[in-house]
There are 2 protein chains.
Amino acid sequence: MNTESPAQRNTRQRSAVSSVLNEVEGFNSAQDLHARLRERGERVGLTTVYRTLQGLADAGEIDVMRPPGGEHLYRRCSQGHHHHLVCRACARAVEVEGPAVETWAEKVAAQHGFAEVSHTMEIFGTCPECAAKR
Amino acid sequence: MNTESPAQRNTRQRSAVSSVLNEVEGFNSAQDLHARLRERGERVGLTTVYRTLQGLADAGEIDVMRPPGGEHLYRRCSQGHHHHLVCRACARAVEVEGPAVETWAEKVAAQHGFAEVSHTMEIFGTCPECAAKR
DNA sequence: TCCGACAATGATAATGATTGTCAAAAGCGC
DNA sequence: GCGCTTTTGACAATCATTATCATTGTCGGA
C-alpha cells in the first residue's frame, strides 16, 4: 500500500466536469453542472457528475457549500483556504479570507485536544443591490 | 402590523417538543426527537415536530447544525451565539465561543456592504478519545 | 361560560436530491 | 494488441423533508 494515487484514470467525463467548473462562475449544483454539460453536447451521466464532484471535493480541488436551501453547491476556488460571503437574495458570493479565523479554529481545537481539524464557515447577508431593491 | 407575535398559540405538542429538548444532551435529529416523544407516550406527529423545530430555530431558541451526513441536527443551546467543535468519529460536540469570529464576520460583511448578517461555522476534528482508539 | 375564527395538528402523499446497483465500456501497463 | 481494473451510466432505491387538507384545539371576546 502506498500513499500515491496510481489508480486514477483520465477519462473524457472527468475532464469535462473539470472543464465546466473552470468556465462557470459562482456556485453550481451538481444538477446544474450536469445540465450545462448536456448543453455543450458532452454526454456525461448524472451519477458520474456526482461521483466526480465528490472526488474533486475530497481532493480539495473544489469547494462545497451546503446552503440552507438543500442542494450542495460546488465551485472551483482559489487554492488557498477561504470562506464565503453569500447574498441571501441573489446568491452572489464573495470570497473572503480570514487568517484570524483559521488560527482561532485551530487554537480552540487544540485546546480541546482535537486533531485533524477542518472547518466550514459561511456568512449570509443581503448584498447592497438586493437591499436597495426592497 | 405589530412586532409582537400574537398569533402564536400554546399547544401540548409544542411544549412537549420543547421539553424533550431540555432533557436530551447533544444534537438530535428531528426523527430522533420524534421517536423519543413516542417512547414517552406523547403523541406528536412527525410533521409537527419538524414544524416546531423550525419555529424554534427561527426564533433562535435552538441551534441547527447540518453535518455532511445529511440530516439536520437540533439542540437547545446556551442563549448566546456560539459555535461547535464536533468530533468526526463520535459526534461529541463542544460548545465554543469566538468573539473574534463574530466581529470579523460582521466587519467583512460591512466592508462589502452586506446587511442583516448571520453566519454559521462548524469545526470538525477527531477528539482525543477517538484518536487514541485508532 | 360559550362561541366562532383561525392557527395548529397530523396522516399521508409528494418531492427531489443523492446514493446504490451492476452490466457494459473504456484506460493503462505490459 | 490483450487483459485486468477502474469507470461509467441508466435506472431503481433511499430517505429526510415538505406539501396537502380535513379535522381539532386555542383563545379572545361576547
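Chain naming here is simple, since letters A, B, ... match the order of the sequence lines and numbering starts at 1 in each.
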For the pair made of CG in A/Leu33 and C1' in C/dT18, what is the distance, rounded to whole Å? 15 Å

Integer-rounded Å distance: D/dT8 C1' and A/Leu37 CG: 14 Å

A/Ser19 and side chain to side chain donor-acceptor pair (under 3.5 Å): which partner among A/Arg40, A/Glu42, A/Arg14? A/Arg40

Separation of atom CZ in A/Arg14 from atom P in C/dA26, rounded to whole Å: 16 Å

Cluster overlap A/Leu53 with A/Leu73, hydrophobic side-chain contacts below 4.5 Å: no

Specify whether A/His83 and A/His119 have parallel, tilted or perpendicular ring planes, treating 30° as the upper limit for parallel and 60° as the lower limit for perpendicular. tilted

Sorted by number, residues from residues 47-56 of chain A placing a heavy atom under 4.0 Å from DNA chain C are A/Thr47, A/Tyr50, A/Gln54

Which distance, rounded to the nearest 0.5 Å, do you find between the CZ of A/Arg12 and the OG1 of A/Thr48? 9.5 Å

Could you walk me through whether B/Gln111 and B/Glu106 pass the side-chain contact (heavy atoms from CB on, under 4.5 Å) check? CA-CA 9 Å; B/Gln111 279 175 357; B/Glu106 285 185 23; over 6 Å; no

Any chance you could lay out the side-chain contact (heavy atoms from CB on, under 4.5 Å) test for B/Val96 and A/Trp104, step after step, and finish with the verdict? CA-CA 11 Å; B/Val96 292; A/Trp104 174 78; 4.1 Å; yes

CZ/B/Arg38: more than 12 non-hydrogen atoms of other groups inside 6.0 Å: no

When every nucleotide of nucleotides 24-30 of chain D is labelled 5' to 3' by its protein contacts under 4.0 Å (heavy atoms), B for base, S for sugar-phosphate only, - for none, what sequence of letters results? -BBS---

Less than 4.5 Å apart, side chain to side chain, heavy atoms only: is that true for B/Ile123 and A/Val117? yes

Rounding to 10°, can you tell me the angle the first-five-pair axis of the helix from C/dT1-D/dA30 to C/dC30-D/dG1 makes with its last-five-pair axis? 40°

Centroid separation A/His34 to A/Tyr50 less than 6.0 Å: no

Measure up the A/His72 and A/Tyr74 rings against each other and bin them: parallel (under 30°), tilted (30 to 60°), perpendicular (over 60°). tilted

What is the distance, to the nearest angstrom, from the CG atom on A/Leu46 to the C1' atom on C/dG16? 12 Å

A/Leu73 vs B/Arg43, nearer the 5' end of DNA chain C by closest nucleotide: B/Arg43

In whole Å, I'd like the distance from the CD atom of A/Gln31 to the P atom of C/dT15. 15 Å

With respect to the phosphate group of D/dT17, does any side-chain polar atom (N or O) of B/His72 fall under 4.0 Å of OP1 or OP2? yes

Are B/Gln13 and C/dA8 close enough that a side-chain N or O sits under 4.0 Å from OP1 or OP2? no

Between B/Arg76 and B/Asn22, do the side chains contain a donor N or O and an acceptor N or O under 3.5 Å apart? yes

